[in-house]
J.: 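Have a look at this one before I ask anything.
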2 protein chains.
Amino acid sequence: MTTSEALTAHVRRMIPILAAMELEILEAGRTTVVARIPAGPNGNHFGTTYAGCLFSVAEVLGGVYASTSLVLEGAVPLVKQVTIDFLRPATTAVLARTTLDEDTIARVLAETGEHGKSDFVLEAEVSDEAGTVVARTTGHYQLRRMA
Amino acid sequence: MTTSEALTAHVRRMIPILAAMELEILEAGRTTVVARIPAGPNGNHFGTTYAGCLFSVAEVLGGVYASTSLVLEGAVPLVKQVTIDFLRPATTAVLARTTLDEDTIARVLAETGEHGKSDFVLEAEVSDEAGTVVARTTGHYQLRRMA
């Protein structure tokens with residue numbers, strides 16, 4: 001079991017711009033993954049969080065499963081398409097949360113084991129410190145065994 | 001006429017994380033807007049550009065029109081929804097380019113003048129130094145006169 005502190009360090013080392021965003025992995029379970037960015041480095045001069053930072057805190061969740069439940073030798077999750085809806089301006093730190101069910105985990109591992117790849121969809125919600133949903137994403141990912 | 005150098009400085013001041021990405025505005029015309037990010041600060045440890053950086057270089061284009069053709073006292077372009085398709089890994093600097101036609105510019109200015117807001121769509125292409133398209137975005141924006 002990798003701790004969320006170790007995963008935060010890992011993600012920031014792998015993707016340095018996420019260190020500049022001060023991104024943290026708060027929860028890294030088999031099914032639920034949560035990440036956070038503070039307002040400070042991610043704001044614009046209107047006092048709200050920049051769209052690209054809201055995108056990133058949600059998008060990065062897909063990769064975390066490679067350390068929790070989508071663990072297969074030589075396989076990595078790749079992002080294929082993301083749609084993000086911006087619902088409200090965010091003025092505080094935000095949390096992005098997503099869930100993958102056990103049936104999907106089993107399917108993706110089995111298909112990747114057999115065919116070398118498998119698609120899955122993650123719906124994530126980004127909310128501010130008051131619990132208001134500020135953005136929603138639908139991400140299409142593929143677990144793929146690299147050559 | 002604002003120069004692309006002045007706009008680069010303006011955008012980096014307004015959105016500090018875009019300074020961390022070393023984003024540049026290369027072209028800021030009435031109809032065509034082009035931005036660039038280098039590989040260096042935007043990569044991951046697989047040697048490709050991070051998804052959130054490809055998103056940002058395309059998303060930011062919509063805001064540039066506020067300095068070129070969608071110029072209306074007190075009005076700002078807000079992003080409502082973006083879909084991004086990741087087509088290929090990017091391993092070099094990338095350019096994002098989009099175009100808004102004169103009819104749309106006239107419509108958006110007229111509607112915002114009359115009703116305080118108007119929606120428009122931007123299709124952007126993100127390509128690497130070899131000219132390969134690595135991502136495509138469809139962004140839904142709204143020019144809105146702020147209270």
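Chain letters run A, B, ... following the sequence lines, proteins first and then strands; every chain starts at 1.
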J.: Is A:Val76 close to chain B through its backbone or its side chain, or both, or neither, when contacts mean heavy atoms under 4.5 Å?
T.: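 Only the side chain of A:Val76 comes within 4.5 Å of chain B.
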J.: Could you go through B:Val82 and A:Phe55, starting from their C-alpha distance and side-chain angles, then the distance that decides it, and tell me whether this counts as side chain to side chain contact (heavy atoms under 4.5 Å, CB included)?
T.: CA-CA 10 Å; B:Val82 178; A:Phe55 175 92; over 6 Å; no
J.: On a heavy-atom basis, which atom in B:Val79 and which in A:Ala51 lie closest, and how many Å separate them?
T.: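 Looking at all heavy atoms of both residues, the shortest contact is CG1-CB, 3.9 Å.
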J.: Same cluster for A:Leu95 and A:Val57 if Ile/Leu/Val/Met/Phe/Trp/Tyr side chains link at under 4.5 Å?
T.: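 In one cluster: no.
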J.: Do B:Leu61 and B:Phe120 sit in one hydrophobic cluster, given that two such residues count as connected whenever their side-chain heavy atoms are within less than 4.5 Å of each other, even indirectly?
T.: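 Yes, one cluster joins them.
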J.: Under 4.5 Å from any heavy atom of chain A, what part of B:Leu18 do you find: side chain, backbone, both or neither?
T.: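 Looking at B:Leu18, just its side chain touches chain A.
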J.: Output every pair passing ring pair (Phe, Tyr, Trp, His ring centres under 6.0 Å) with a member in residues 73-98 of chain B, not counting sequence neighbours, ordered by first then second residue.
T.: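 Those involving residues 73-98 of chain B do not exist here.
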J.: Report yes or no: do B:Met146 and A:Leu87 belong to one cluster of Ile/Leu/Val/Met/Phe/Trp/Tyr joined by side chain heavy-atom distances under 4.5 Å?
T.: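 No, B:Met146 and A:Leu87 fall in different hydrophobic clusters.
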J.: For A:Gly43 and B:Pro16, work out which heavy atoms get closest and say how close.
T.: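 Result for this residue pair: O-CD, 3.4 Å.
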J.: Please check if A:Leu143 and B:Phe46 belong to a single hydrophobic cluster, counting links between Ile, Leu, Val, Met, Phe, Trp and Tyr side chain heavy atoms closer than 4.5 Å.
T.: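 Linked, A:Leu143 and B:Phe46 end up in one cluster.
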J.: Using non-hydrogen atoms and a 4.5 Å limit, figure out which bit of A:Pro41 sits close to chain B: side chain, backbone, both or neither.
T.: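 It is the backbone, since no side chain atom gets that close.
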J.: For chain B against chain A, print all donor and acceptor atom pairs separated by less than 3.5 Å.
T.:
| residue | atom | partner | partner atom | Å |
| --- | --- | --- | --- | --- |
| B:Arg13 | O | A:His45 | NE2 | 2.9 |
| B:Met14 | O | A:His45 | N | 2.8 |
| B:His45 | N | A:Met14 | O | 2.8 |
| B:His45 | NE2 | A:Arg13 | O | 2.8 |
| B:Tyr50 | OH | A:Ser56 | O | 3.4 |
| B:Tyr50 | OH | A:Glu59 | OE1 | 2.8 |
| B:Ser56 | O | A:Tyr50 | OH | 3.4 |
| B:Glu59 | OE1 | A:Tyr50 | OH | 2.8 |
| B:Lys80 | O | A:Phe86 | N | 2.8 |
| B:Gln81 | NE2 | A:Asp85 | OD1 | 2.8 |
| B:Val82 | N | A:Ile84 | O | 3.0 |
| B:Val82 | O | A:Ile84 | N | 2.8 |
| B:Thr83 | OG1 | A:Thr83 | OG1 | 2.8 |
| B:Ile84 | N | A:Val82 | O | 2.8 |
| B:Ile84 | O | A:Val82 | N | 3.0 |
| B:Asp85 | OD1 | A:Gln81 | NE2 | 2.9 |
| B:Phe86 | N | A:Lys80 | O | 2.8 |

J.: In this structure, would B:Leu70 and B:Val34 fall into the same cluster of hydrophobic residues linked by side-chain contacts under 4.5 Å?
T.: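 Hydrophobic grouping puts B:Leu70 apart from B:Val34.
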